There are 2 protein chains.
Amino acid sequence: MATINEVADRAGVSTATVSRALNGKNTVDSELAARVLTAAEELGYRPNGPARNLRRQETPVLALIISDVENPFFTAISRGVEDVAHAAGYSVVLCNSDDDAEKERSYVSVALEERVAGVLLSPTGRTSGGELLSGTGTPFVALDRPLPGISGDTVLVDTGSAARDATKYLSEQGYRRPGCITGPAGVPTADERLAGYRDGLRAAGIRGCSSLVRRSEFKAAGAGRATRSLLELTQPPDSLLVANNAMALGVLETLRELGLRAGSDVGLVAFDDAPWARLLDPPLSVVAQPAYDIGTVGAQLLLSRIGNERGEPTTTTLSAHLVPRASSDPRWKPF
Amino acid sequence: MATINEVADRAGVSTATVSRALNGKNTVDSELAARVLTAAEELGYRPNGPARNLRRQETPVLALIISDVENPFFTAISRGVEDVAHAAGYSVVLCNSDDDAEKERSYVSVALEERVAGVLLSPTGRTSGGELLSGTGTPFVALDRPLPGISGDTVLVDTGSAARDATKYLSEQGYRRPGCITGPAGVPTADERLAGYRDGLRAAGIRGCSSLVRRSEFKAAGAGRATRSLLELTQPPDSLLVANNAMALGVLETLRELGLRAGSDVGLVAFDDAPWARLLDPPLSVVAQPAYDIGTVGAQLLLSRIGNERGEPTTTTLSAHLVPRASSDPRWKPF
DNA sequence: GTGAAAGCGCTAACAG
DNA sequence: CTGTTAGCGCTTTCAC
């Protein structure tokens with residue numbers, strides 16, 4: 001592939017002039033600039049990114065590391081990040097850690113070595129790639145979950161309150177034994193939703209539900225098993241708060257296998273408003289999180305740090321809101 | 001951030017030795033190697049990727065450019081790519097072109113400039129970033145859709161046959177007026193599914209359906225409008241073949257607004273088996289595409305080209321298969 | 001087995 | 001306004 005030298009030769013100028021012309025510096029004679037442009041065109045010249053980045057000591061790329069590309073919550077975040085980054089002239093590379101701490105570390109490592117301008121990390125949980133990040137000068141922002149033991153800008157959603165509200169709401173709808181299916185212990189989003197659920201129970205004056213909690217990975221399969229184990233109890237829950245939308249898939253599948261309907265048989269509220277939620281029968285009640293906004297806010301924060309903004313690490317907490325639909329209505333009937 | 005020079009100074013060796021030690025060359029004395037390793041550790045040294053890539057003239061990264069991160073079909077492809085790439089020591093960066101030819105070109109451009117080892121491109125359609133790719137020495141593979149007018153390795157799915165089979169199947173199920181909602185004219189996957197639909201009609205001996213075709217973007221909103229326009233016809237279709245899963249969302253939403261049920265009122269088969277498809281009432285009949293395999297095959301192809309495999313461009317065609325569920329059963333009743 | 005030194009392709013002083 | 005030149009940080013001959 002052609003280099004800047006070849007372009008310079010062909011245009012009969014120095015490499016410096018080529019560089020200036022190609023980077024749109026106005027300190028170059030328009031006739032020379034034109035010659036450079038056509039020479040570059042004819043040679044199919046493309047600047048060598050690594051060389052440029054090495055020289056400039058910066059790479060106009062943000063890394064976004066998420067734990068599950070197949071989860072609409074995270075892809076919505078990525079759109080938010082992308083829109084902001086793009087407008088500021090940055091590219092975004094999406095890395096899928098697959099909720100695997102090892103992969104997460106490896107991607108953080110790659111991002112650091114490639115000297116990206118900044119990293120947006122949605123930490124997988126306990127052992128986090130965040131340790132690698134702190135200490136290096138590379139700016140980073142934690143999304144959705146805080147980085148344990150590490151201070152840095154963070155964008156969170158107050159899902160605790162949302163979980164409490166959802167639980168209270170279930171009780172107001174007439175359910176007396178709400179259960180909860182949440183993520184692994186130690187994962188902040190999982191623990192926070194569980195705590196909110198317990199608060200909600202307390203606020204509603206409901207007792208005797210302490211055995212109605214199950215944990216699993218934030219995936220469909222585990223949530224399905226958890227559902228089965230709850231519903232086979234001698235005193236099963238009459239409703240369920242489910243901690244994310246991938247899990248909801250598993251819960252719904254199990255309900256179907258057991259011949260139970262959401263709403264009339266088991267009240268259901270799940271986190272995250274996936275596009276298919278309203279198409280179910282009954283439509284799924286959800287706690288909608290502002291995923292896109294997490295992305296935009298996170299990206300803005302990161303960009304301002306990259307732009308040398310000083311100051312204490314900030315934590316931005318967005319709020320989630322309940323979208324009641326028929327899956328949390330005990331009186332719901334098909335038709 | 002520490003450089004190789006600082007590590008060398010600290011370990012009391014030359015940069016060459018540091019480089020050798022850190023890259024696991026066995027031509028270095030084990031005692032020196034240990035000193036290098038601890039020095040690097042203490043300084044929090046990370047090799048500078050751009051510098052290394054510049055020197056080595058290669059970057060162990062594959063770029064995967066897809067048209068919609070929020071579509072499970074593409075995220076499944078990305079998992080396939082990632083699994084293969086990872087096993088071979090490559091990182092994958094995912095770029096979302098958002099079905100926008102401009103963004104696609106821009107990402108191809110960035111990939112080329114960053115001198116990635118190879119590019120996997122799921123082209124957005126007509127004006128394609130493919131032109132940028134051909135001619136450069138960078139190996140690339142087209143996924144899901146061919147690159148118009150450009151020869152290169154390609155991984156496709158024979159969705160034409162699948163569309164034909166699905167249409168015939170609708171007729172066997174008793175539907176007499178199947179309609180079709182497909183993507184924009186000129187997009188190969190859209191045209192091919194439409195052609196298959198027409199073949200199916202012919203094979204089933206059905207006539208008079210020529211006005212039952214609508215086109216829109218491969219998105220929910222457009223498909224929703226298309227559905228409405230079809231069902232408001234004086235002679236509306238009694239069933240629908242829908243060309244992808246994002247569109248299916250729009251179709252289902254419109255059906256609901258019109259108070260119609262899939263199956264009994266309007267037979268439905270849609271492309272792509274999304275995780276929520278079986279949870280609907282009635283469960284959605286789909287044409288399942290081997291998305292994950294598209295990714296693995298594409299990545300393998302690309303890696304072998306990167307490994308200097310010569311030979312003519314190949315085209316691999318995978319097949320899709322019908323998964324019949326109740327949305328294509330005219331006798332389906334709720335309960 | 002180790003070090004010195006060249007150079008990957010580019011940009012940014014610095015001269016002119 | 002343009003050219004010369006010195007590196008950015010690393011790997012890799014080439015000597016020793």
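Order of the sequence lines sets the chain letters (A, B, ...), proteins ahead of strands, with each chain counted from 1. Both backbone and side-chain heavy atoms feed into the values below; hydrogens, waters and symmetry mates do not. Values in this document were obtained by computation on a predicted structure and should not be read as measured data.
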To the nearest Å, how far apart are A:Glu114 CD and D:dC8 P? 19 Å

Counting only side-chain heavy atoms from C-beta out, which of D:dT2, C:dC10, D:dT11 sits nearest to A:Thr3? C:dC10

Is there a salt bridge (Lys or Arg N to Asp or Glu O under 4.0 Å) between A:Glu58 and A:Arg115 once you walk through the steps? CA-CA 7 Å; A:Glu58 63 178 19; A:Arg115 301 293 193 267; over 6 Å; no

With a non-hydrogen cut-off below 4.0 angstrom, is A:Pro50 in contact with a base, only sugar-phosphate, or nothing? nothing

Nearest of D:dT5, D:dG9, D:dG3 to any side-chain atom of A:Arg20? D:dG3

Please state how far atom CG in B:Asn26 lies from atom P in C:dG1, giving the value in whole angstrom units. 8 Å

Is there a side-chain polar atom (N or O) of B:Asn5 under 4.0 Å from OP1 or OP2 of D:dG9? no

Looking at A:Arg305 and A:Pro139, what are the two nearest heavy atoms and their distance? CB-CB, 4.0 Å

d(A:Thr316 OG1, A:Asp293 CG) to nearest 0.5 Å is 11.5 Å

Roughly, in whole Å, what's the span from CG in A:Leu54 to C1' in D:dT11? 13 Å

From the list C:dG7, C:dA5, D:dT2, which nucleotide is the closest neighbour of the side chain of B:Arg55? C:dG7

Atom pair distance, as rounded to whole Å: CZ in B:Arg46 and P in D:dC10: 12 Å

Rounded to the Å, how far apart are A:Asn53 CG and C:dC8 P? 18 Å

Starting at CG of B:Asp9 and ending at C1' of D:dC10, how long is that distance when rounded to a whole Å? 15 Å

Given the structure, check if the side chain of A:Arg115 and the base of D:dG9 hold any donor-acceptor pair shorter than 3.5 Å. no

Where do A:Arg105 and A:Ile65 land on the side-chain contact (heavy atoms from CB on, under 4.5 Å) test, with the steps shown first? CA-CA 10 Å; A:Arg105 291 179 70 86; A:Ile65 303 173; over 6 Å; no

Which of these nucleotides, C:dG3, D:dG3, D:dC10, is closest to any side-chain atom of B:Ala16? C:dG3

Within the pair B:Arg52 and D:dG9, is there a side-chain N or O less than 4.0 Å away from OP1 or OP2? no

C:dG7 phosphate, OP1 or OP2: any side-chain N/O from B:Gln57 under 4.0 angstrom? no

I need the A:His86 NE2 to B:Lys103 NZ distance, nearest 0.5 Å. 6.0 Å

Residue B:Lys25, side-chain atoms from C-beta onward, closest of D:dT2, D:dT11, D:dT12: D:dT12

Any side-chain N or O of B:Asn48 less than 4.0 Å from the OP1 or OP2 oxygen of D:dC8? no

Using 0.5 Å steps for rounding, measure from the CD atom of B:Glu82 to the CG atom of B:Leu62. 10.0 Å

Starting from P on C:dA12, measure out to CG on A:Leu22 and report it in whole angstrom. 13 Å

Closer than 4.0 Å, any side-chain N/O of B:Thr17 to the OP1 or OP2 of C:dG3? yes

d(CE, A:Met1; P, C:dC10) in whole Å: 11 Å

Taking the side chain of B:Ser14 as its heavy atoms from C-beta onward, which of C:dA4, C:dC10, D:dT11 lies nearest to it? C:dA4

